[in-house]
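Reviewing the structure listed below.
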Amino acid sequence: MSDDRQPDTAFADQGTDIPAAFPLAGHDIAGLGHDSAEDHVLSQAEIDSFFGKDSVVTGAADSSGIERVVSTSGVSSERLPMLEVVFDRFTRVLTTSLRNFTSDNVEASMDRLGSQRFGDYLENVPGQAMFAVFKAEEWDNYGVVVLSSSLIYSIVDALLGGHVRGDSALTAPASRQTGRHHTAIERALIEPMVRIILDDLETSFSPLCAVNFHFERLEMNSRFAMICRAGNGVITARFGIDMEGRGGDVDIVLPHATLEPVRDILLQQFMGEKFGHDGIWENHLARELWQTDLTLDAVLEEQTMNLKDIMRLAPGDQLVLRRKPDASVSLRCGEHVLFTGRVGRKQGQVAVKIEDVLNQKYGTDRAVSYS
């Protein structure tokens, strides 16, 4: 059996696709010698492992291994159950707010909630969208509200008195969004809506945590709305706004770094979950701590001696304490000095009468606790 293929020929230079498994001649593989009657046929997994990528090289071929991990657009993240509750409440609050804002029949619904890379999201944003950059003051990070062009035109029409329904309402915005930037009047009309969205988002987060979303700027170009690196993961929530035949989408983009301060709260399965925090056990532990035995040391005097003198000490040597008989002593618990007092006798035993509490709280009779 002959094989006319050159081993050094690049796969990209070949005109035909390479089969999933092919014979590899001239090599001793899996114990087969050169005089083997038949060539060893590699499996697809062996081929991929040998070349480090897919052996079938085409224009739309997907990479494998580390290349597939690096180039993937999805981001693996933990599910945040309470964030879904927050956005569900946000849809209800936003519906009422937009009805009052536009004096029209508006319905808001959440269409999608997911996680992906920020750069991949910006690549898929349609043209003529508006990017409202805001800052979460308490979380010290940023987020973006993205308004689709169809929603912008629908809101502007509603605010300027247009109440057209039917097919003409669907075709009118599409004819105006091609090759035209939004005017200053349109931006001025949309900015109050962005502030309403941020206020409603604050209201939705209020049962979990207090946060203030401060509107900073309104951008037309996605390059000026970069709030994090393109490879960073973000949470994207898309809300559909329906105005009886008109409307569009509102996307709320929150980087994972922005939600990090409240991630533990958002991971709760229900509001008020304590993650193993047991009040009954805490009360029991507090009661038992009051019964704990502690060792108090009465320190008569402290002296500093050379190591040489300490090594020379032997039974019968005397240590002279340079203190008066009525001098005070300190009572210690570990490294903390708690009390001072005087040495005396009581019922035939040596005793210490406490005269001063060193760490007493002002206005109380209790000692300061140590952390």
Side-chain angles (χ1 to χ4, degrees), residues 70-80 82-84 86-87 90-91 94 108 110-149 151-152 155 181-182 184 186-188 190-206 208-241 248-267:
V70 172
S71 61
T72 180
S73 60
V75 177
S76 178
S77 61
E78 295 178 285
R79 180 174 173 266
L80 304 176
M82 290 310 301
L83 187 61
E84 300 175 6
V86 168
F87 285 148
F90 174 70
T91 56
L94 183 63
M110 187 172 69
D111 297 338
R112 184 180 65 194
L113 177 62
S115 179
Q116 62 182 134
R117 301 185 191 277
F118 187 53
D120 296 328
Y121 168 78
L122 292 181
E123 291 179 358
N124 297 323
V125 174
Q128 308 303 317
M130 281 191 183
F131 302 85
V133 180
F134 64 91
K135 182 178 182 181
E137 299 287 351
E138 286 74 12
W139 303 340
D140 194 23
N141 218 315
Y142 293 88
V144 179
V145 175
V146 183
L147 306 176
S148 65
S149 58
L151 177 63
I152 295 172
I155 294 296
H181 293 286
H182 298 291
E186 291 172 342
R187 292 197 294 268
I190 291 299
E191 183 173 333
M193 177 184 173
V194 174
R195 297 185 184 273
I196 291 175
I197 293 175
L198 295 180
D199 290 341
D200 291 345
L201 194 59
E202 290 179 11
T203 304
S204 303
F205 272 101
S206 59
L208 300 180
C209 59
V211 60
N212 178 33
F213 295 117
H214 175 67
F215 172 72
E216 289 206 342
R217 62 186 186 273
L218 196 62
E219 300 290 351
M220 304 296 113
N221 193 329
S222 61
R223 294 184 179 181
F224 298 108
M226 295 290 293
I227 58 174
C228 63
R229 296 179 181 271
N232 290 4
V234 294
I235 298 292
T236 57
R238 173 162 294 179
F239 301 90
I241 308 298
D249 297 325
V250 175
D251 290 353
I252 296 179
V253 182
L254 295 172
H256 289 288
T258 301
L259 297 176
E260 190 62 31
V262 292
R263 180 170 294 275
D264 292 340
I265 299 177
L266 298 178
L267 285 172

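It should be emphasised that the depicted structure is a prediction, and the values quoted were computed from it without experimental measurement.
Smallest separation of non-hydrogen atoms from Leu94 and Ala108: CD2-CB, 4.3 Å. What you find for Gly240 and Asp249 is that their closest heavy atoms are CA-OD1, 3.8 Å. Nearest heavy atom pair, residue Pro192 against residue Ala188, reads CD-O, 3.0 Å. A pairwise comparison of heavy atoms in Val262 and Cys209 identifies CG1-SG, 3.7 Å as the closest pair.
Contacts of Phe239 classified as ring pair (Phe, Tyr, Trp, His ring centres under 6.0 Å), with partners at least two apart in sequence or in another chain: Phe87, Phe90. Applying the side chain to side chain donor-acceptor pair (under 3.5 Å) test to Tyr121 and every residue at least two apart in sequence or in another chain returns Asp251. Under the side chain to side chain donor-acceptor pair (under 3.5 Å) criterion, Glu260 pairs with Arg263, sequence neighbours left out. Under the rule for a side chain to side chain donor-acceptor pair (under 3.5 Å), the partners of Glu219 that lie at least two apart in sequence or sit in another chain are Arg217. Partners of Val194 according to the side chain to side chain contact (heavy atoms under 4.5 Å, CB included) rule, which considers only residues two or more places apart in sequence or in another chain, are Ala132, Leu147, Ile190, Leu198, Phe215, Leu218.
Side chains of Arg187 and Met130 form a contact here, defined as non-hydrogen atoms less than 4.5 Å apart. Using a 4.5 Å heavy-atom cutoff, the side chains of Asn212 and Glu202 are in contact. Val250 has its side chain out of reach of Val146: every pair of non-hydrogen atoms, C-beta onward, lies at least 4.5 Å apart.
Evaluated for a ring pair (Phe, Tyr, Trp, His ring centres under 6.0 Å) with Phe134, the options Phe213, Trp139, Tyr142 yield exactly one hit, Phe213.
The side-chain hydrogen bond (donor to acceptor under 3.5 Å, both in side chains) analysis of residues 190-199, with sequence neighbours excluded, yields the pairs Glu191-Arg195. Pairs passing the salt bridge (Lys or Arg N to Asp or Glu O under 4.0 Å) check and including a residue from residues 123-140, sequence neighbours excluded, read Lys135-Asp140.
Listed for the Arg117 side chain is a donor-acceptor partner under 3.5 Å among the backbone atoms of Gly231.
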Going by atom type alone, with no hydrogens or angles, which donor-acceptor pairs under 3.5 Å involve a side-chain atom of residues 220-228 and a protein atom two or more places apart or on another chain?
unit_1	atom_1	unit_2	atom_2	d
Asn221	OD1	Arg223	N	3.0

Worked check of side chain to side chain donor-acceptor pair (under 3.5 Å) between His256 and Ser115: CA-CA 9 Å; His256 289 288; Ser115 179; 3.0 Å; yes
Worked verdict on Leu83 versus Leu259 for side-chain contact (heavy atoms from CB on, under 4.5 Å): CA-CA 10 Å; Leu83 187 61; Leu259 297 176; 4.1 Å; yes
Intermediate values then yes/no, side-chain contact (heavy atoms from CB on, under 4.5 Å), Asn124 and Leu122: CA-CA 5 Å; Asn124 297 323; Leu122 292 181; over 6 Å; no
side-chain contact (heavy atoms from CB on, under 4.5 Å) evaluation trace for Leu266 with Leu208: CA-CA 8 Å; Leu266 298 178; Leu208 300 180; 3.9 Å; yes
Pair Leu113-Thr236, side-chain contact (heavy atoms from CB on, under 4.5 Å): steps then yes or no: CA-CA 6 Å; Leu113 177 62; Thr236 57; over 6 Å; no
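Considering CZ of Arg238 and CG of Asp111, their distance stands at 8.0 Å, rounded to 0.5 Å. Put simply, CG on Leu254 and CD1 on Ile252 are 7.0 Å apart, with the number rounded to the nearest 0.5 Å.
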